Novice: 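Below are the structure tokens for one structure; questions will follow.
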Number of protein chains: 2
Amino acid sequence: MTPFNLKPIRKERTLRSDVVEQLKEAIINGDLPPGTKLVESQLSALLGVSRGPLREAIRQLVDQNLIESIPYTGTYVANISVKAIQELYSFRTELEQFAFKLIWDKRDKAFQEELKLQLKKLTSAIKDNDRESAIFEELELHNVVYKHCGHELLEQTWQRLRGRLHLYFTLHQKAHNRAGPLLDAHDRYLELALGDDLNAMLEHITEHMQQGYNKVEQFVSEIKSNTL
Amino acid sequence: MTPFNLKPIRKERTLRSDVVEQLKEAIINGDLPPGTKLVESQLSALLGVSRGPLREAIRQLVDQNLIESIPYTGTYVANISVKAIQELYSFRTELEQFAFKLIWDKRDKAFQEELKLQLKKLTSAIKDNDRESAIFEELELHNVVYKHCGHELLEQTWQRLRGRLHLYFTLHQKAHNRAGPLLDAHDRYLELALGDDLNAMLEHITEHMQQGYNKVEQFVSEIKSNTL
DNA sequence: TATTTGTAGATTGTTAACAATCTTACTGTT
DNA sequence: AACAGTAAGATTGTTAACAATCTACAAATA
């Protein structure tokens with residue numbers, strides 16, 4: 001048979017996977033604020049799905065730290081805390097430094113172009129004042145690195161953190177109604193990522209993350225003290 | 001009321017959690033070799049549980065990379081590969097170096113004593129020629145570090161890798177019927193971990209992991225070529 | 001005989017009813 | 001009024017039956 005350029009189709013559409021997507025989206029968007037109690041019967045009715053697939057979806061989101069579950073008691077949208085943010089940012093720093101160490105000598109044209117393209121998308125979204133897109137594109141920029149370094153375990157770990165990070169960005173944006181954290185000074189990031197000084201890049205990541213942490217930490221402290 | 005030093009009790013005993021434990025145990029022990037097809041009806045009958053909780057348990061184990069699942073097709077005990085081992089060991093190196101960087105200035109008496117105790121347990125298990133225990137205690141030794149550095153996200157990530165690592169150790173042991181990887185030369189590990197040269201410790205971790213990787217990689221290559 | 005096509009059985013996905021557990025509000029007692 | 005006990009309602013955990021999908025084998029065709 002003539003070998004068409006056909007890839008085997010991904011057959012992983014199931015109610016569970018759809019529910020995971022929708023719930024994740026709702027949490028990340030802030031439609032379901034942290035602490036919200038998720039009642040299975042209500043949710044399943046809302047989604048038009050029975051409780052079986054819903055419960056399986058919940059298990060997956062618990063593993064992504066987006067939902068907390070207490071047996072026989074209830075499941076809640078994960079709460080935020082200064083410590084959790086601290087951990088997320090310090091961990092991210094290590095992950096991304098590792099990613100760059102892995103990719104450094106393998107940075108091909110495709111990688112460089114995709115990184116440039118992604119920065120354009122981000123810049124454009126910021127100029128258009130489209131906050132939601134800006135957050136997404138910011139995450140996509142970092143995603144390019146993880147995607148290209150060819151380390152599945154690392155990428156998987158990054159994906160697990162990504163949702164939580166997205167949530168923080170959204171909350172920050174909603175709280176201040178201005179551009180989320182880290183939406184500027186990405187030019188230097190790109191410059192170093194395409195340059196030839198690995199150590200400078202690694203140091204920049206530490207600073208980059210530190211800045212992001214400061215912004216997010218600050219507003220979470222505010223929220224927490226307001227809530228009391 | 002007199003404030004007793006009581007922690008809120010963990011109430012998380014459910015069929016799902018029991019199934020997770022049992023399945024994990026069976027995979028890690030090698031009772032369910034890599035590639036084994038897991039048929040839900042058979043498993044549920046075997047465990048005396050209906051398919052609902054079983055399926056939820058499977059979701060959790062998929063997230064720990066111990067099971068692979070293809071919708072409408074089947075779930076299988078995760079296969080092993082040289083690349084997966086490579087990734088696991090390189091990632092472990094980063095995680096454990098991060099852990100030591102975190103804990104270094106906070107190493108208290110409790111930490112030091114627990115580390116010493118754990119090494120004793122490991123040494124004792126090796127002397128008794130109790131392979132199964134030796135593997136467990138080896139993992140417990142590293143676990144002490146993650147437990148004490150007070151970084152939940154890091155510990156969580158370690159726990160997710162631990163099962164997979166345990167599986168490799170078991171397979172190695174079964175293949176060669178001799179002591180698993182890394183069961184010697186832990187004295188130096190302890191010495192450095194209690195010493196005051198962080199860089200030496202970090203370097204040692206790299207070597208330590210490299211040795212472990214070499215042993216595991218070698219025998220997996222053998223297995224793979226024999227299977228063909 | 002080799003290839004294709006159809007069909008039956010097996011297996012996973014989904015649902016809805018049932019059981020166990022928890023929460024809350026009410027009642028009675030001191 | 002404060003507290004313990006209790007019962008009703010709500011919610012999660014579990015089960016078993018039903019539907020959708022896939023796989024493997026056999027019949028049909030060349």
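Everything numeric in this text was worked out from a predicted model, so none of it was measured. Heavy atoms only: backbone and side chains are in, while hydrogens, waters and symmetry mates are out. Order of the sequence lines sets the chain letters (A, B, ...), proteins ahead of strands, with each chain counted from 1.
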Novice: Rounded to the nearest 0.5 Å, what separation is found between the OG1 atom of A:T170 and the CD1 atom of A:I27?
Specialist: 11.5 Å
Novice: Sequence neighbours excluded, which residues qualify as ring pair (Phe, Tyr, Trp, His ring centres under 6.0 Å) partners of A:F111?
Specialist: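 Partners of A:F111 by the ring pair (Phe, Tyr, Trp, His ring centres under 6.0 Å) criterion, ordered by chain and then number, come out as A:H148.
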Novice: According to a strict under-4.0 Å criterion, is A:T14 in side-chain N/O contact with OP1 or OP2 of C:dT12?
Specialist: no
Novice: Do any pairs count as a side-chain hydrogen bond (donor to acceptor under 3.5 Å, both in side chains) and have a residue in residues 44-53 of chain A, sequence neighbours left out, and if so which ones?
Specialist: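 Qualifying pairs: A:E40-A:R51.
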Novice: On a heavy-atom basis, which atom in B:Y146 and which in B:R92 lie closest, and how many Å separate them?
Specialist: OH-O, 4.0 Å
Novice: Which ones in residues 39-62 of chain A lie close to DNA chain C, meaning a heavy atom under 4.0 Å from one of its atoms?
Specialist: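 Listed by number, they are A:V49, A:S50, A:R51, A:G52, A:P53.
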Novice: Does anything in residues 27-39 of chain B pair up under salt bridge (charged side-chain N to carboxylate O under 4.0 Å, His left out), and if so which pairs, sequence neighbours excluded?
Specialist: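 Salt bridge (charged side-chain N to carboxylate O under 4.0 Å, His left out) check on residues 27-39 of chain B returns no pairs.
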Novice: Taking atom CD of A:E152 as the centre, report whether more than 12 heavy atoms of other residues, nucleotides or ligands fall under 6.0 Å from it.
Specialist: no
Novice: Does anything in residues 64-80 of chain A pair up under salt bridge (charged side-chain N to carboxylate O under 4.0 Å, His left out), and if so which pairs, sequence neighbours excluded?
Specialist: none
Novice: How long is the line joining CZ of B:R16 and C1' of D:dT15, in whole Å?
Specialist: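 B:R16 atom CZ is separated from D:dT15 atom C1' by 15 Å.
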Novice: Shorter than 3.5 Å, N or O on both sides, protein versus nucleotides 5-8 of chain C: list them out with atom names.
Specialist:
none

Novice: If you find the nucleotide of DNA chain C closest to A:Y72 and the one closest to B:K37, which residue's nucleotide is nearer the 5' end?
Specialist: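 First, find each residue's nearest nucleotide; the 5'-ward one identifies B:K37.
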Novice: Between atom CZ in A:R13 and atom P in C:dT14, what is the gap in whole Å?
Specialist: 12 Å
Novice: For the residue pair A:Y89 and A:Y213, what are the closest heavy atoms and their distance?
Specialist: CE2-N, 3.5 Å
